[in-house]
K.L.:
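Take a look at this one; I'll ask things after.
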Amino acid sequence: MRAESPDFRLGKVLATSFTGTLSERHGDAVERIPTPHRLVDWLAVNGLAVDSCTPAQLDLARELRESIHAAATAAAIRDALPASAVQVINDRSVQGRAAAILTPGGERRWRLGSASRVEDALSVIAADAVGIIAGERDGKLALCASPTCQAAFFDTSQSRTRKWCDMNTCGNRQKKARFNANHRKNTRSAE
């Protein structure tokens with residue numbers, strides 16, 4: 001991976017991890033797939049290796065990412081799903097050629113065809129989004145409590161009360177801000 005690009009935020013849920021390729025949506029947005037090559041990198045890290053990516057395919061990927069984000073956000077707040085987002089997710093889901101395979105360890109993986117295309121990988125991500133948004137998986141959609149992030153994430157914690165999309169970034173940032181505010185308040189009180 002290239003050093004000038006921001007690191008990927010990787011999670012255990014493919015669709016919501018994909019929406020995390022644009023972070024800090026309500027602050028200084030960070031685009032983690034700024035080039036076709038970075039999309040190829042992200043797909044490879046997530047077990048969906050493709051040979052190449054064109055600028056047009058990157059545009060399709062970003063359109064899917066934003067559609068998943070819009071639909072997941074609506075589902076998390078129990079609002080109506082945006083029709084345009086649903087259409088994009090459905091279109092991407094049916095356009096690819098991928099097969100679910102069972103590993104010797106009993107896990108499901110996706111296998112793309114020998115001439116893998118970005119569209120094949122996007123169909124896997126879209127299918128994952130369908131399962132999450134439709135409520136077919138054990139967990140719940142939630143929104144990050146960080147005011148600058150508010151990313152949709154899939155909470156599989158036992159209590160389903162997770163507040164942050166990623167404790168190592170948003171959670172730590174918020175805890176540090178709260179600590180510093182309390183420290184300043186206590187310092188002023190002591191003066």
Side-chain angles (χ1 to χ4, degrees), residues 6-34 38-39 41-43 45-48 57-96 98 100 108-110 118-174:
D7 290 337
F8 295 132
R9 288 176 147 181
L10 302 174
K12 296 181 185 212
V13 179
L14 184 62
T16 54
S17 291
F18 187 57
T19 66
T21 60
L22 179 65
S23 58
E24 300 302 314
R25 292 169 182 269
H26 300 280
D28 291 328
V30 177
E31 176 61 74
R32 296 173 189 280
I33 54 169
R38 286 296 285 169
L39 178 59
D41 290 345
W42 188 90
L43 292 170
V45 167
N46 285 280
L48 298 170
Q57 289 170 319
L58 178 60
D59 290 342
L60 289 175
R62 287 180 177 161
E63 180 185 41
L64 175 61
R65 174 186 70 192
E66 296 311 303
S67 295
I68 293 170
H69 178 72
T73 298
I77 61 173
R78 302 195 189 313
D79 204 356
L81 301 180
S84 59
V86 169
Q87 185 66 50
V88 169
I89 293 167
N90 290 339
D91 287 350
R92 295 296 165 272
S93 182
V94 300
Q95 288 177 347
R108 178 175 68 148
R109 295 273 189 257
W110 289 95
V118 169
E119 290 82 359
D120 300 333
L122 295 180
S123 74
V124 173
I125 297 167
D128 191 53
V130 169
I132 292 166
I133 295 167
E136 296 174 350
R137 293 186 42 192
D138 186 27
K140 79 169 194 168
L141 280 165
L143 299 178
C144 183
S146 168
T148 59
C149 179
Q150 297 180 357
F153 66 91
F154 197 64
D155 183 2
T156 58
S157 67
Q158 188 170 6
S159 64
R160 307 290 195 261
T161 57
R162 207 171 101 200
K163 294 171 78 170
W164 317 109
C165 64
D166 184 356
M167 191 60 207
N168 292 325
T169 53
C170 292
N172 281 342
R173 190 178 311 130
Q174 292 300 310

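Positions are given from 1 along the sequence.
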K.L.:
Contact between Thr21 and Arg65 at the side-chain level, heavy atoms closer than 4.5 Å - yes or no?
P.N.:
yes
K.L.:
Can any side-chain N or O of Arg162 pair as donor or acceptor with the backbone N or O of Cys144 at less than 3.5 Å?
P.N.:
no
K.L.:
Test side chain to side chain contact (heavy atoms under 4.5 Å, CB included) on Leu39 and Val118; report intermediate values, then the result.
P.N.:
CA-CA 9 Å; Leu39 178 59; Val118 169; 4.1 Å; yes
K.L.:
Of all the heavy-atom pairs spanning Ala75 and Ile133, show the shortest one and how long it is.
P.N.:
CB-CG2, 4.2 Å
K.L.:
Let me confirm one number: the CZ-CD distance from Arg62 to Gln57, rounded to the nearest 0.5 Å.
P.N.:
13.0 Å
K.L.:
Would you give the length of the straight line joining atom CZ of Arg25 to atom SG of Cys149, rounded to the nearest 0.5 angstrom?
P.N.:
8.5 Å
K.L.:
Could you walk me through whether Phe8 and Ile33 pass the side chain to side chain contact (heavy atoms under 4.5 Å, CB included) test, one step at a time?
P.N.:
CA-CA 9 Å; Phe8 295 132; Ile33 54 169; 4.1 Å; yes
K.L.:
Using every non-hydrogen atom in the two residues, find where Leu22 and Ala29 come nearest and quote the distance to one decimal.
P.N.:
CD1-CB, 4.1 Å
K.L.:
List the atom of Thr19, the atom of His69, and the distance in Å for their closest heavy-atom pair.
P.N.:
CG2-N, 3.7 Å
K.L.:
With ring centroids as reference points, do Phe18 and Trp42 lie under 6.0 angstrom apart?
P.N.:
yes
K.L.:
Look only at the side chain of Asn46 and the backbone of Leu48, and say whether a donor-acceptor pair between them is shorter than 3.5 Å.
P.N.:
no
K.L.:
To check you understand the geometry: which heavy-atom pair defines the closest contact between Ala152 and Ala72, and what is its length?
P.N.:
CB-CB, 3.7 Å
K.L.:
Looking only at heavy atoms, which two atoms of Ile89 and Ala126 are closest? And how far apart?
P.N.:
O-CB, 3.5 Å
K.L.:
Go through the steps to decide whether Ile125 and Leu122 satisfy the test side chain to side chain contact (heavy atoms under 4.5 Å, CB included), and finish with yes or no.
P.N.:
CA-CA 5 Å; Ile125 297 167; Leu122 295 180; 4.3 Å; yes
K.L.:
Without swapping roles, check the side chain of Ser93 against the backbone of Asn90 for a donor-acceptor pair under 3.5 Å.
P.N.:
no
K.L.:
Thinking salt bridges, do Arg38 and Glu31 make one under a 4.0 Å N-O criterion?
P.N.:
no
K.L.:
Is the backbone of Ala70 close enough, under 3.5 Å, to the side chain of Thr73 for a donor and an acceptor to pair up by distance?
P.N.:
no
K.L.:
Please report the interatomic distance CG(Leu14) to CD1(Ile68), rounded to the nearest 0.5 Å.
P.N.:
8.0 Å
K.L.:
Can you measure from CG (Leu60) to CD (Glu119) and round to the nearest 0.5 angstrom?
P.N.:
6.0 Å
K.L.:
According to the salt bridge (Lys or Arg N to Asp or Glu O under 4.0 Å) rule, which pairs have a member within residues 126-149, sequence neighbours left out?
P.N.:
Asp128-Arg137, Asp138-Arg160
K.L.:
Side chains of Thr148 and Glu24: is there a donor and an acceptor less than 3.5 Å apart?
P.N.:
yes
K.L.:
Would a 4.5 Å heavy-atom cut-off, applied to side chains only, mark Thr16 and Leu141 as touching?
P.N.:
yes
